[in-house]
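A short write-up of the structure that comes next.
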2 protein chains.
Amino acid sequence: MLLTDRQLLILQVIVDDFIRSAQPVGSRSLSKKEEISFSSATIRNEMADLEEMGFIEKTHTSSGRVPSEKGYRYYVDHLLSPQTLNPQDISIIQSIFAERIFEFEKIIQRSARILSEMTNYTSIVLGQDVGINKLKRIQIIPLNKETAVAILVTDTGHVENRTFSLPAALDMSELEKIVNILNEKLSGVPLEDLHDKIFKEVAMLLKQHISRYDLFLHTIAETFKMPATEKLFFAGKTNMLSQPEFHDIAKIRNLLTMIDREDWITNLIRSNQKGISVKIGSENQNSIMEDCSLITATYSAGTEKLGTIAILGPTRMEYSRVISLLQLLSHDLSAVLTKLYQYK
Amino acid sequence: MLLTDRQLLILQVIVDDFIRSAQPVGSRSLSKKEEISFSSATIRNEMADLEEMGFIEKTHTSSGRVPSEKGYRYYVDHLLSPQTLNPQDISIIQSIFAERIFEFEKIIQRSARILSEMTNYTSIVLGQDVGINKLKRIQIIPLNKETAVAILVTDTGHVENRTFSLPAALDMSELEKIVNILNEKLSGVPLEDLHDKIFKEVAMLLKQHISRYDLFLHTIAETFKMPATEKLFFAGKTNMLSQPEFHDIAKIRNLLTMIDREDWITNLIRSNQKGISVKIGSENQNSIMEDCSLITATYSAGTEKLGTIAILGPTRMEYSRVISLLQLLSHDLSAVLTKLYQYK
DNA sequence: ATTAGCACTCGTTAATGTGGAGTGCTAACA
DNA sequence: TGTTAGCACTCCACATTAACGAGTGCTAAT
């Protein structure tokens with residue numbers, strides 16, 4: 001099942017051509033290409049072999065060939081020329097970081113937008129899990145007699161806030177004491193551990209210093225319970241509508257509905273090992289994604305992986321360009337975030 | 001141009017039927033309805049008159065009739081029976097407020113979601129303009145030597161935060177002083193006035209107490225400049241894909257792309273007078289919306305209008321039900337928010 | 001091993017025909 | 001005079017047919 005050089009060439013040209021045109025590729029049009037110096041009949045023979053091996057398919061008996069999933073896979077794994085991005089693309093990516101930005105979310109959102117504009121695919125970014133960020137400071141600000149806002153600031157500058165109900169019996173000086181205790185004990189604790197830590201370490205201390213501490217303990221623990229997951233950022237959700245493979249409304253609706261399910265997307269995209277990953281069609285383990293490919297790249301601060309940046313497109317995707325773009329972006333993004341978060 | 005009772009009846013039945021079936025309504029099928037006791041020939045005569053007056057249209061020479069925009073308008077203005085919502089709908093709406101919620105955004109987001117699920121249309125909620133909320137407290141929390149987070153809490157419990165660059169020359173005790181001055185001078189000031197107020201009232205005071213106050217003044221003023229607009233909440237963006245009138249991908253794409261333009265939607269929905277408004281087709285002043293109707297309702301806290309809640313659907317929309325739902329929801333929502341914000 | 005040639009397949013498009021749902025008009029009727 | 005039955009007519013929707021062309025597989029010649 002080793003492919004000859006000629007078969008490799010033909011497979012590559014077929015995939016390239018189909019990615020460009022979205023039309024099945026025939027032997028005659030292939031034979032006219034510069035790269036190809038043999039006749040259409042020869043090509044037909046080779047194509048028959050490639051088809052037998054499962055790399056290409058016909059849409060009907062007398063149609064040209066279309067890459068199969070296996071074909072795309074082989075193309076991505078072995079035939080992708082390490083394409084150099086065109087200088088314009090490079091400068092657009094770098095423009096994301098041109099102005100100084102302090103806020104994680106803004107950088108991320110902008111990255112997603114620009115990526116989707118450059119590619120005409122959908123881009124999705126999985127933000128960092130704020131749960132692992134360490135608490136820098138807690139503030140509690142009473143709004144009125146009954147409610148107050150709790151504000152958590154992490155060492156990365158992320159701010160979480162919750163409004164909660166204030167026990168009637170609590171006076172201001174006590175509240176101040178509580179905030180002091182919380183800051184003292186919880187500073188440096190990852191947000192996701194706050195809930196536990198409050199019961200384990202703060203409860204006792206509160207008991208010593210605050211009358212009716214019990215009224216407050218539960219509320220505060222609940223208030224600081226972290227929401228489940230990482231935040232998602234989208235851009236170009238409607239770009240899929242421009243892809244010729246999605247001329248079918250039912251298909252589009254299924255896909256867009258899926259995309260709107262954040263839990264599902266999070267699972268799809270979350271990735272453990274660093275680097276670029278390409279999932280083609282049914283490799284995504286979902287029938288609705290069978291005409292889609294998903295390319296993901298992780299970004300980090302220092303050595304710590306923060307999140308994932310992904311491009312969702314049709315299986316007929318510009319793999320080479322998208323991979324290059326993601327490589328560049330994830331690298332630059334990591335550099336900026338590393339600096340922003342002062343890793344060394 | 002006054003319509004006879006019989007014409008009114010026929011118009012009403014045509015609109016009702018078309019809203020239900022999305023099919024042009026013919027004289028024969030009309031004559032079979034219970035409500036209608038005269039023959040198809042009579043109906044044909046009446047329909048010819050209604051068409052001449054512009055209330056209904058043919059899609060082609062020998063087709064049944066379809067309501068025109070004018071027909072819908074008349075239907076909405078005069079023929080809408082003040083329908084009583086079915087009890088199930090009522091209880092679903094009320095379930096939104098069943099559990100106690102303290103946060104504006106959560107209530108709003110949930111309202112939008114439930115509304116879109118109930119109607120199968122797209123629902124859009126325009127949040128309040130946080131600019132008019134009054135500042136309750138400012139906090140500035142240094143993250144490291146170079147950056148700090150500024151946190152603004154309003155009297156409604158809304159929290160805004162910005163990360164900014166800290167002048168090198170500033171020491172901690174000075175920062176504390178600054179925060180005290182800011183709180184003293186800016187407390188109670190609407191967020192949108194902060195920027196001005198800082199120059200008018202805070203600048204002098206800073207000058208007196210802080211060396212190199214100039215380094216900080218501009219940064220802080222910029223940091224507190226409010227972002228332009230009200231926040232938007234969406235639900236059911238893809239519901240439009242299920243409507244038979246949007247079988248055309250290009251149309252859908254235009255519409256969805258429009259919906260993603262927040263500035264545009266904000267302008268479309270923002271409404272000055274209180275109460276329900278129905279905009280049918282081209283009344284929305286935009287060619288992409290010509291097959292859509294938009295029903296908006298405002299919600300308030302006390303006497304103050306906070307925002308708008310809207311349903312976007314095809315012109316062939318269930319006006320009666322949607323209007324009733326919006327009336328109920330905006331009423332209940334206003335009640336909850338009034339309470340939440342402690343108006344009397 | 002390569003390629004020219006040819007019969008064959010099948011999708012696409014245009015042309016043609018048929019059935020049915022609907023209309024407008026006319027004449028008869030209560 | 002308002003209502004209705006009847007009828008000719010229109011036009012969409014759908015199916016059938018035909019022509020075309022892009023493509024294939026196979027065979028035989030180079």
Side-chain angles (χ1 to χ4, degrees), chain A residues 2-11 13-18 20-68 71 244-245 247-248, chain B residues 2-11 13-18 20-68 71 244-245 247-248:
Chain A
L2 262 185
L3 298 182
T4 66
D5 282 355
R6 193 164 68 189
Q7 286 171 330
L8 289 180
L9 176 61
I10 289 176
L11 178 56
V13 177
I14 289 176
V15 178
D16 281 336
D17 196 75
F18 184 69
R20 199 180 38 74
S21 70
Q23 296 299 323
V25 187
S27 58
R28 205 176 126 73
S29 71
L30 270 189
S31 71
K32 284 187 191 141
K33 303 239 169 201
E34 290 190 346
E35 311 94 295
I36 286 181
S37 53
F38 28 91
S39 78
S40 64
T42 310
I43 295 170
R44 279 200 292 283
N45 290 329
E46 297 287 27
M47 293 211 295
D49 290 348
L50 284 171
E51 180 168 14
E52 205 175 351
M53 289 185 279
F55 293 109
I56 54 180
E57 300 168 342
K58 288 190 273 199
T59 61
H60 60 86
T61 335
S62 68
S63 76
R65 303 308 210 291
V66 158
S68 68
E245 29 271 279
H247 48 72
D248 176 18
Chain B
L2 261 186
L3 298 182
T4 66
D5 282 354
R6 193 164 69 188
Q7 287 170 328
L8 289 180
L9 176 61
I10 290 176
L11 178 56
V13 177
I14 289 176
V15 178
D16 281 337
D17 196 75
F18 185 69
R20 199 179 39 72
S21 71
Q23 297 299 323
V25 186
S27 59
R28 206 176 125 73
S29 71
L30 269 188
S31 71
K32 283 185 190 143
K33 303 242 168 204
E34 291 190 343
E35 311 93 297
I36 287 181
S37 53
F38 27 91
S39 78
S40 66
T42 310
I43 294 171
R44 279 201 290 282
N45 290 330
E46 298 287 27
M47 292 212 294
D49 290 348
L50 284 171
E51 180 168 12
E52 205 174 352
M53 289 184 279
F55 292 109
I56 54 180
E57 300 168 341
K58 288 191 273 199
T59 61
H60 58 87
T61 336
S62 70
S63 77
R65 303 310 210 289
V66 157
S68 67
E245 30 271 280
H247 48 71
D248 176 19

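A note on names: the letters A, B, ... follow the listed sequences, proteins ahead of strands, and every chain is numbered from 1. These values consider heavy atoms only, across backbone and side chains, with no hydrogens, waters or symmetry-generated copies.
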Separation of [N] [atom2] from [X] [atom1] (nearest whole Å):
| X | N | atom1 | atom2 | value |
| --- | --- | --- | --- | --- |
| A/R6 | C/dA1 | CZ | C1' | 8 Å |
| B/Q7 | D/dT3 | CD | P | 11 Å |
| A/Q23 | C/dT12 | CD | C1' | 12 Å |
| B/D17 | C/dG22 | CG | C1' | 15 Å |
| A/D49 | C/dT2 | CG | C1' | 14 Å |
| B/E46 | D/dT4 | CD | P | 11 Å |
| B/I43 | D/dG2 | CD1 | P | 18 Å |

B/E52 atom CD, over 12 foreign heavy atoms within 6.0 Å: no
Heavy-atom donor-acceptor pair, A/S27 side chain to A/R44 backbone, under 3.5 Å: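 Side chain of A/S27 to backbone of A/R44: no pair is present.
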A/S63 side-chain N/O to A/T59 backbone N/O, donor-acceptor pair under 3.5 Å: yes
N/O (side chain, B/T42) to phosphate O (OP1/OP2, D/dT4) under 4.0 Å: yes
Under 4.0 Å protein heavy-atom contact, by nucleotide of nucleotides 10-25 of chain D - B base, S sugar-phosphate only: BBS---------BBBB
Between CG on residue B/L9 and CG on residue B/L30, distance to nearest 0.5 Å: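 B/L9 atom CG to B/L30 atom CG measures 9.0 Å (nearest 0.5 Å).
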Atom pair CZ (A/R28) and NZ (A/K32), whose distance is rounded to the nearest 0.5 Å: 3.5 Å
Closest non-hydrogen atom pair, A/V25 against A/F18: CG2-N, 4.1 Å
